[in-house]
Amino acid sequence: MRANSERLAPPQVVVNRLVDALCLIEAILLGFRFPRDGAHGVQETWQEQFAEAPDVLKSAQRQQTVVQVLDIEIGGEEFVTMAGPCSVETEFQLLATANHVRRAGARILRGGAFKPRSSPYAFQGHGLEGLKMLARARAESGLAIVTEVMSEEDVPLVAEYADILQIGARNMENFALLEAAARSERPILLKRGMVATIADLLRSAQVILDNGNPNVILCERGIRTFETATRNTFDVAAIALLKMVTHLPVIADPSHAAGHSELVPALARIAVAAGADGMIVEVHPNPAKAWSDGDQSLTFSAFDAMMAALDPWIALRGLQRPRCEMLLHEAIELQTMEAVG
Ligand code: PEP
Ligand code: MN
């Protein structure tokens, strides 16, 4: 540097020194100003970016919405796991899965009775029969039910059976459906569309709020990118950002994000670390024989292992996860078996 300036003509050296000095003064002034104005500037940018969804944004009055479903609080002190098969197939498949995931700490049973499939020739779900199976599984396991509703005409029927209405990725911007679902007064699990921005997701949530339903749970389930090795690209920044800007609970769907069951536990851990309030995950008694999404469905033992491995991460967040609990009739059966020897 020194050798260079010595080779410059003297007036240029003076100009360079002057510029250096001005830069230093600017840096000192900015240094004094930056912390206050900078923080303010960042906040304003998010508010501006999401200005079309004003009621979903955090405010002084509302920092966190807790969605109450039976005795479960989503967005509260507990990391809530929703688990179950992609599709409701048979009574045995559903009940076995419900009982198993409950024992491993899930609080809500998932399962599609109305299935949005990429192919028109794939299994489309059992419809009403599937809803009835879900209701029986709830009665037997005590788990709450989340299931997808695909059309506005089906909303009253699905709302009769479900504790949470799922709006799937393909329907995130089906505003007639959003309005009908909102009016059912059931909590809504709103999945991010596969080509939807965070602003699009928040706008759809705003539509539900505008229709009188404040109980919206947002779900990051992966978006389409040029990457094809995974089914979708898990947008973890979206989880972190959503937790920063919105008071609505945010959950992750590591199954649809990954598309491969062996990746699901890692994505679940990442979701916990990113600040998610819970997750929805696909589990099947025999994934190889699943009627839909078998590749990304966990076996029972893989689900157990994932839940056990998540515990320390959930504890790091200072959140709770329900321990494996036995239903009263199971405890009695166990005692009887033990007494009989
Ligand atoms: C599902 O939950 O099975 C499903 C179809 O999810 P998504 O709408 O996110 O694709
Ligand atoms: Mn699925």
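Predicted, not measured: the structure shown is a model, and the values here were computed from it. For the single chain, residues carry numbers from 1 onward in sequence order. In listed order, ligands and their atoms are each counted from 1.
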What protein heavy atom sits nearest atom 8 (O) of ligand 1, and how far away is it?
Ala169 N, 2.8 Å
Checking the N or O distance criterion of under 3.5 Å, is ligand 1 in contact with Lys191?
yes
Glu282 and Gln296 side chains, donor-acceptor separation under 3.5 Å:
yes
Just to the nearest 10 degrees, tell me the angle at the Mn ion (ligand 2) spanned by Glu282 OE2 and Asp293 OD2.
120°
Heteroatom proximity flag, Arg170 to ligand 1, N/O under 3.5 Å:
yes
Counting from 1, what ligand 1 atoms have a heavy atom of Glu282 closer than 4.0 Å?
3 (O)
For the residue pair Lys115 and Ser292, what are the closest heavy atoms and their distance?
CE-OG, 4.4 Å
Return the residue, atom name and 0.1 Å-rounded distance of the protein heavy atom closest to atom 9 (O) of ligand 1.
Arg221 NE, 2.7 Å
Ligand 1 contact by Gln166, heavy-atom criterion under 4.0 angstrom:
yes
Which of these passes salt bridge (charged side-chain N to carboxylate O under 4.0 Å, His left out) with Asp253: Arg221, Lys191, Arg231, Arg192?
Lys191
Do Arg138 and Asp163 meet the salt-bridge criterion of a basic N to acidic O distance under 4.0 Å?
yes
Is Cys86 in polar range of ligand 1, meaning some N or O pair under 3.5 Å apart?
no
Within the 4.0 Å heavy-atom shell around Gly168, which atoms of ligand 1 are there?
8 (O)
Might you point out which heavy atoms bring Glu89 and Lys289 nearest each other, and give the distance in Å?
OE1-O, 4.5 Å
For Arg110, is at least one N or O under 3.5 Å away from an N or O on ligand 1?
yes
Can you see which heavy atom on Ala180 is nearest to which on Val155, and at what distance?
O-CG1, 3.5 Å
Please state which part of Lys115 comes within less than 4.0 Å of ligand 1, counting heavy atoms only: side chain, backbone, both or neither.
side chain
Where the Mn ion (ligand 2) is the centre, what is the NE2-to-SG angle for His256 and Cys86, rounded to 10°?
170°
Work out which heavy atom in Leu267 is nearest to a heavy atom in Phe234; give both atom names and the distance.
O-CE2, 3.5 Å
Name the orientation class of the two ring planes belonging to Trp291 and Phe123 (parallel below 30°, tilted from 30 to 60°, perpendicular beyond 60°).
perpendicular
In terms of side-chain heavy atoms, does His284 have a donor or acceptor partner in Asp293 at a distance below 3.5 Å?
no
Note the single closest protein heavy atom to atom 4 (C) of ligand 1, along with its residue, its atom name and the distance in Å.
His256 NE2, 3.3 Å
